[in-house]
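Atoms within each ligand, like the ligands themselves, are counted from 1 in listed order. The shown structure was predicted, so the numbers you read here are calculated from the model rather than taken from an experiment. By convention here, the first residue in the shown sequence is residue 1. FYI, side chains are in, hydrogens and waters are out, and symmetry mates aren't considered; it's all heavy atoms of this structure.
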Amino acid sequence: MKILFLNGPNLNLLGTREPDKYGRTTLAEIESQVRLRAERLGTIEIDFRQSNHEGELVGWIQDAKGRFDWIVLNAAAYTHTSIALRDAITAVKVPTIEIHLSNVHAREDFRHKSLIAGACLGQIAGFGPLSYLLALEACVTDNPR
Ligand code: DQA
């Protein structure tokens, strides 16, 4: 199984960025946690990327078709603005899980709306770095839906 983890703008700053909201764990540390858990779960290949550019994220989603079984996407601020990301997810039909470190629904009104949610299989928000591991769990758990 191949899983593509995509991270949007400003997530490269995790560790020092608004630690009251996002904690002190860096993105590299989250990646290590994901890789460790994936190793324990068995034959899972992880690709873990971050970009501050919407178009680059769109390109990576497009390229995932036929190459990855799942996408786990923390689109960060683009969650609330990007029809392009939503359209890319819909176009490639790679099952995608939307994740957030913070509970976006308990924050400012503009974070309550996700433009990508309708194109995703489900959403995990509010568990900090654990959101990434819960998404990994969802990918590997046999789910008849
Ligand atoms: C975030 C929530 C978004 O609203 C915000 O713009 C982010 C991070 C999260 O992981 O909690 O950059 O996606």
Study note, to complete from the structure: One finds that the ligand 1 atoms under 4.0 Å from a non-hydrogen atom of V104 are 2 (C), 4 (O)
Point to revise | Minimum-distance pair of heavy atoms, taken over all atoms of L6 and I71 | key: CD1-CG2, 4.3 Å
Practice item. For atom 11 (O) of ligand 1, grab the closest protein heavy atom and report residue, atom and distance to one decimal in Å. Key: S102 OG, 2.6 Å
Study note, to complete from the structure: protein heavy-atom neighbour closest to atom 1 (C) of ligand 1 works out as H100 ND1, 3.7 Å
Review point. Based purely on interatomic distance, does I99 place a nitrogen or oxygen under 3.5 Å from a nitrogen or oxygen of ligand 1?
Key: no
Review point. So with a 6.0 Å cut-off around CZ of R49, is the heavy-atom count from everything else above 12?
Key: yes
**Study point:** Within reach of ligand 1, part of R111 (heavy-atom separation under 4.0 Å)
**Key:** side chain
Check your understanding: With distance as the sole test, does N103 use its side chain to make a donor-acceptor pair with the main-chain N or O of A125 at under 3.5 Å?
Key -> no
Practice item. Find all atoms of ligand 1 within a distance of less than 4.0 Å from any non-hydrogen atom belonging to R17, and give their numbers and elements. Key: 7 (C), 12 (O)
Review point. Quick one: does S131's side chain have a donor or acceptor within less than 3.5 Å of a partner on G128's backbone?
Key: yes
Review point. Is there a heavy atom in T79 that sits closer than 4.0 Å to ligand 1?
Key: no
Check your understanding: Is the shortest distance from a heavy atom of E18 to ligand 1 less than 4.0 Å?
Key -> no
Point to revise | Residue-ligand contact K21/ligand 1, heavy atom below 4.0 Å | key: no
Review point. If you count the atoms of ligand 1 from 1 in the order shown, which ones are under 4.0 Å from a heavy atom of L101?
Key: 9 (C), 10 (O), 11 (O)
Review point. Counting from 1, what ligand 1 atoms have a heavy atom of H80 closer than 4.0 Å?
Key: 3 (C), 4 (O)
Practice item. For a side-chain hydrogen bond (donor to acceptor under 3.5 Å, both in side chains) with H105, tell me which candidate from H112, H100, Q123, R111 qualifies. Key: Q123
Check your understanding: Under a 4.0 Å heavy-atom limit, does N74 contact ligand 1 with its side chain, its backbone, both, or neither?
Key -> side chain
Practice item. Could you tell me whether the side chains of S114 and E98 share a donor-acceptor contact shorter than 3.5 Å? Key: yes
Exercise for review: Supply the atom-to-atom distance D87 CG to I116 CD1, rounded to the nearest 0.5 angstrom.
Suggested key: 12.0 Å
Check your understanding: Are any of the side-chain nitrogens in E39 or R35 under 4.0 Å away from the carboxylate oxygens of its partner?
Key -> no
